[in-house]
Amino acid sequence: MLQIAFIRENQEKVISALAKRNMDARAVVEEVVQLDEKRRAAQVELDNTLSESNKLSKDIGELMKAGEKSKASILKEKTVLLKEKSKALAESADVLANELTEKLYTLPNLPAAIVPAGKSADDNLNVYEEGDIPVLHEGAQPHWELVKQYDIIDFELGNKITGAGFPVYKGKGARLQRALINYFLDKNTAAGYQEVQVPHFVNEASAYGTGQLPDKEGQMYHDATDNLYLIPTAEVPVTNIFRDVIVNENEFPILRTAYTPCFRREAGSYGAHVRGLNRLHQFDKVEIVRIEHPDNSYQALDGMVEHVKNILKELKLPFRILRLCGGDMGFTSALTYDFEVYSTAQERWLEISSVSNFETFQANRLKLRFKDKDGKNQLAHTLNGSSLALPRVLAGILENYQTPEGIVIPEVLRPYCGFDIIN
């Protein structure tokens, strides 16, 4: 959530920045400022009324001590009226504050200065590319055919048990999946990220805290009975560990990693580009989260990009890094880098990671602060990244490592798998 003081003092800057997201925010920004003015005016009147009431209470005490009960009685009548006025003003201030918060929830984060202009994924900027695209043998197949041939993932069985988008991993497929999870976690912990295991359901406050609500409400699985949400990413519970927390400046950087299953409704997804592992309703992902001092968050973002880059280098998958344009960035992000691996069998790039800096946007919702050197509370910066999302990494391995004899396991994964080939 954007800070109201910043919006109030920088209206044109906010409108101009959100235009990079192809959003005409003038009407919303003006409404936000007007609501804030009304809220502040109501609060001032409330404070003045309470102050007057408190003064009268002291005067009443003095009059009672002096034995002037009749004068005290007159003032008591005034305090009754002031209390009624205070109650009405407090209710009005609360209504205005809630209206302001709801309106602020509709404004996305401001893009960083280096975010390229653009309307869609076609306008993203390719900033890095590495790895040779393998030349596959004649008869090479996409992963949804390979998993049938080697009986390692069963989409039809998952459809029987639950529905489309909930695959069953079998045999060496399940072991490869587990190997990837352990490998990713080991890489992250070796880089200083503390591993945590977190709930797979979150409450409404947590979903609002990281910005999934109200923006992604239609994409989340919701248990209405207990008003809980299945997590779309470990980012939500891990970052919410620090909701309503004031950290000391010397605690930075705070690094966490977690493996979780993730659940996304992906409403409206259809077509060939979502076949097989390309788009699932339940999938596994290993996440990294950082809580940073504002002065260091972009250096930290560069470090996260390098970390994910090194994992893909070890897997020896051809990949590229995109700096997302304003029109393709997520609601909460100030700057995002997407990683994509090339699927030779599908002849297309597959997104396998997003690494983002949210600056103070999430921290403002979370009330995640730190005490600076002067003892004042300041908002921290939050960052997160996939390291990595498993389905498309697995798809890239199956397709790019296929041979006539079987699917060769990347060398770095063999100690985790206990086998060298799927055949």
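Keep in mind the model is a prediction, meaning the values are calculated, not measured.
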S.K.: Between Asp284 (side chain only) and Tyr259 (backbone N and O only), is there a donor and an acceptor less than 3.5 Å apart?
M.R.: no

S.K.: If you measure only the distance, is there a donor-acceptor pair under 3.5 Å linking the side chains of Lys285 and Thr233?
M.R.: yes

S.K.: At their closest point, which heavy atom of Gln402 faces which heavy atom of Ala345, and how far apart are they?
M.R.: NE2-CB, 3.9 Å

S.K.: Quick check: does any side chain N or O of Asp372 sit under 3.5 Å from a backbone N or O of Lys376, one acting as donor and the other as acceptor?
M.R.: yes

S.K.: According to salt bridge (charged side-chain N to carboxylate O under 4.0 Å, His left out), who are the partners of Lys103, at least two apart in sequence or on a separate chain?
M.R.: Glu31

S.K.: Within the side chain of Thr162, is there an N or O that forms a donor-acceptor pair under 3.5 Å with the backbone of Asn159?
M.R.: no

S.K.: Side chain to side chain contact (heavy atoms under 4.5 Å, CB included) with Gln43: which residues, sequence neighbours excluded?
M.R.: Leu46, Asp47, Ala93

S.K.: Could you tell me whether the side chain of Ser53 and the main chain of Thr49 form a donor-acceptor pair under 3.5 Å?
M.R.: no

S.K.: Quiz question: by atom type and distance under 3.5 Å, do the side chains of Glu359 and Asn109 form a donor-acceptor pair?
M.R.: no

S.K.: Can you find a pair of side-chain heavy atoms, one from Val29 and one from Glu12, that are under 4.5 Å apart?
M.R.: no

S.K.: Backbone N or O of Gly330 within a donor-acceptor pair of the Arg21 side chain at under 3.5 Å?
M.R.: yes

S.K.: Could you pull out all residues at least two apart from Glu217 that satisfy salt bridge (charged side-chain N to carboxylate O under 4.0 Å, His left out)?
M.R.: none

S.K.: Is there any salt bridge (Lys or Arg N to Asp or Glu O under 4.0 Å) pair reaching into residues 231-246, and which pairs are they, with sequence neighbours excluded?
M.R.: none

S.K.: Distance only, no hydrogens: is a donor on one side chain within 3.5 Å (strictly under) of an acceptor on the other, for His143 and Glu399?
M.R.: yes

S.K.: Donor-acceptor pairs are to be reported for all side-chain atoms of residues 249-257 against protein atoms at under 3.5 Å, with residues two or more places apart or in another chain.
M.R.:
| unit_1 | atom_1 | unit_2 | atom_2 | d |
| --- | --- | --- | --- | --- |
| Glu249 | OE1 | Lys373 | N | 3.3 |
| Glu249 | OE2 | His293 | NE2 | 3.0 |
| Glu251 | OE2 | Asn248 | N | 2.7 |
| Arg256 | NE | Gln194 | OE1 | 3.2 |
| Thr257 | OG1 | Asn188 | ND2 | 2.9 |
| Thr257 | OG1 | Glu287 | O | 2.8 |

S.K.: Among residues two or more places apart or on two chains, list those pairs meeting salt bridge (Lys or Arg N to Asp or Glu O under 4.0 Å) that have a residue in residues 309-338.
M.R.: Glu130-Lys313, Lys187-Glu314, Glu306-Lys309, Arg320-Glu340

